[in-house]
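Below is one structure; the comments refer to it alone.
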Number of protein chains: 2
Amino acid sequence: MATGRTHRPATRSRGIPEATVARLPLYLRALTALSERSVPTVSSEELAAAAGVNSAKLRKDFSYLGSYGTRGVGYDVEYLVYQISRELGLTQDWPVVIVGIGNLGAALANYGGFASRGFRVAALIDADPNMAGTPVAGMPVQHTDELEKIIDDNGVSIGVISTPAGAAQQVCDRLVAAGITSILNFAPTVLSVPDGVDVRKVDLSIELQILAFHEQRKAGEEAGAEAVVADAVAEAAAADAPVAESDAEAAAPPAARAETTDRKGPDGDVPAVMPA
Amino acid sequence: MATGRTHRPATRSRGIPEATVARLPLYLRALTALSERSVPTVSSEELAAAAGVNSAKLRKDFSYLGSYGTRGVGYDVEYLVYQISRELGLTQDWPVVIVGIGNLGAALANYGGFASRGFRVAALIDADPNMAGTPVAGMPVQHTDELEKIIDDNGVSIGVISTPAGAAQQVCDRLVAAGITSILNFAPTVLSVPDGVDVRKVDLSIELQILAFHEQRKAGEEAGAEAVVADAVAEAAAADAPVAESDAEAAAPPAARAETTDRKGPDGDVPAVMPA
DNA sequence: CGGTGTGAAGTGTTTCACAGCT
DNA sequence: AGCTGTGAAACACTTCACACCG
């Protein structure tokens, strides 16, 4: 392996739990909406409902930030918006570069949610020379050759990778070498980065796969045969006992099972790989 | 609030922990890559490295699926690919509809990662009548009016929402009414759905905000002033003692007060809100 | 040996429930 | 009277470390 990636000692950041940090943006969004409606205060119950969490969790989360509420009353909306923004570091301006201006990159460049939260798209970068100069979201696409210079000139510390999987690691290496320390990766690949560099990934197909898993369970359950079916199969297979049952559409990959090795597996509808 | 949403008893899915389910797609991707290179077997160590997790976790994860490895040898790649695919429900075909064909919707429609994993885009739907018929990713966009019919005709159970935030809940309600039970939401809003409907969300700006948080911490630390600063403030505030210190850029909203790190500082004062 | 599978220990997160402030 | 803030209990997930087996 290259460097120690996966390494996420989770920014033991002095105190705020990761799980809480991940929810702060959610609270902030809800609060912002309230603020726009000029609502002066909210109770943990109301805000929790708006953010889609339960109130105990919300109060516990806020307790890590300090005591920003008033007992018997609730929280002051404006004050909280400010405190959370500050905690998240959104009171400062964060220039970001987006590398890989395909469909997704363009979507990101046009995404209003960035600009509205202290993030400023400093540059759009693509390896295709033909794209250079083409305006996307009112901004000319620049060539990869400029990458280092752009990052340096703008003091960029956050990079977004929306290139095809094949180019991601390479782009990542250049970003890191150029001084970037936080990366948001949309390419379906595991990136290796040195310690000290933070990587978060968003994988569209993974989310769908997780949904499929639950969807499958639901189907199984309502079909009368408790979700136990798939289970029994798995266990039988594990136990190596040839599944005698007939009620499962699972278990025997054409020629898989006991003898393991050999064929490509299922009918052919098994994945087929291929990254974005 | 409407129904009991947020409700995620986490599909106590007869055993497999949510955290494990979320990693299965990762393993699957790594395995698929190995499979293409015709690698017959992998050790937990190797596969873990490829998937970006540690080997103990991987072995524990696999242990929930059954005993699919061979001691002293490792795992059979093809066999594991099949087992994981089956567990995730990818051996069957999942038709999905994408509602909201803007930049992001188009990007999703073109995303190869879907088709390659058993997901089939059954239809692209948009509310703009002018888009109807326009081909996106080789497929004509259909009007929202057709939504119910499309879902019914194709037996769709998974929907992707990539509309603006304002339209999301409404679209969601229609999807649910039409029989959809799993939703992948890209709109920056909390969706209310009845029990039994699964929602996963992907919020681009939230990911960036989390990165900003960590980035801020890094900056603070290397700036000599340990991250303890913010802490002292929080604690002082909690203790309710009016922060007498001078070294904190926190505590006072509207007319913020003493600045330490001084960085961009709250010159503009309290944020300024405004959502996506 | 080498590497899986897994109890047991360790760590992190959520939920409960209520004391304490306004 | 109402709602926050928070210990403590419950639960979930991760890591350890080693027995066991091919």
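Naming: A, B, ... by sequence-line order, numbering from 1 per chain. Any value given below was found using the heavy atoms of this structure, including those in side chains, with hydrogens, waters and symmetry copies removed.
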Check your understanding: Can you tell me how far C1' of D:dC3 sits from NZ of A:Lys60, to the nearest Å?
Key -> 16 Å
Review point. Considering residues at least two apart in sequence or located in another chain, which fulfil the side chain to side chain donor-acceptor pair (under 3.5 Å) criterion with B:Asn185?
Key: none
Study note, to complete from the structure: To the nearest angstrom, the CG-P distance between B:Asp76 and C:dT4 comes to 13 Å
Exercise for review: For B:Leu58 and C:dT4, give me the distance from atom CG to atom P, rounded to whole Å.
Suggested key: 8 Å
Check your understanding: Counting side-chain heavy atoms from CB outward, which of C:dT22, C:dT4, D:dT14 is closest to B:Ser43?
Key -> C:dT4
Check your understanding: When you measure from the side chain of B:Ser35 to the backbone N and O of B:Leu31, does any donor-acceptor pair fall under 3.5 Å?
Key -> no
Practice item. Taking B:Gln209 for its side chain and B:Ser205 for its backbone only, find out whether a donor-acceptor pair lies under 3.5 Å. Key: yes
Point to revise | Test: B:Glu45 and B:Arg59 ion pair at under 4.0 Å | key: no
Revision key, fill the gap. B:Asn54 CG to D:dA17 P, in whole Å, measures 13 Å
Point to revise | N or O in side chain of B:Ser44 less than 4.0 angstrom from C:dT4 OP1/OP2 | key: yes
Practice item. Return the 5'-most residue of the pair A:Ala19, A:Val73 with respect to DNA chain C, ranking by each residue's nearest nucleotide. Key: A:Ala19
Review point. What is the distance, rounded to the nearest whole Å, between atom CD of B:Glu18 and atom C1' of D:dC11?
Key: 15 Å
Review point. Taking for each residue the nucleotide of DNA chain C with the nearest heavy atom, is it A:Asp61 or A:Thr70 whose nucleotide lies nearer the 5' end?
Key: A:Asp61
Check your understanding: For the side chain of A:Arg71 and the base of C:dT22, is some donor closer than 3.5 Å to an acceptor across the two?
Key -> no
Exercise for review: Provide, to the nearest angstrom, the distance between the CD atom belonging to A:Glu45 and the P atom belonging to D:dA1.
Suggested key: 20 Å
Check your understanding: Could you give the CZ-to-C1' distance, from A:Arg59 to D:dG2, as a whole number of Å?
Key -> 11 Å
Check your understanding: Roughly, in whole Å, what's the span from CG in A:Leu80 to P in D:dT4?
Key -> 11 Å
Review point. Quick one: is D:dG5 close enough that its OP1 or OP2 comes under 4.0 Å of any side-chain N or O from A:Tyr75?
Key: yes
Practice item. Going by the ring pair (Phe, Tyr, Trp, His ring centres under 6.0 Å) test, name the single residue among A:Tyr27, A:Tyr79, A:Tyr68 that passes it with A:Phe62. Key: A:Tyr27
Check your understanding: If only side-chain N and O atoms of A:Lys57 are considered, is one of them under 4.0 Å from the OP1 or OP2 phosphate oxygen of C:dT15?
Key -> yes
Point to revise | Nucleotide nearest A:Arg23 when distance is taken to its side chain, options C:dT14, D:dG5, C:dG5 | key: C:dT14
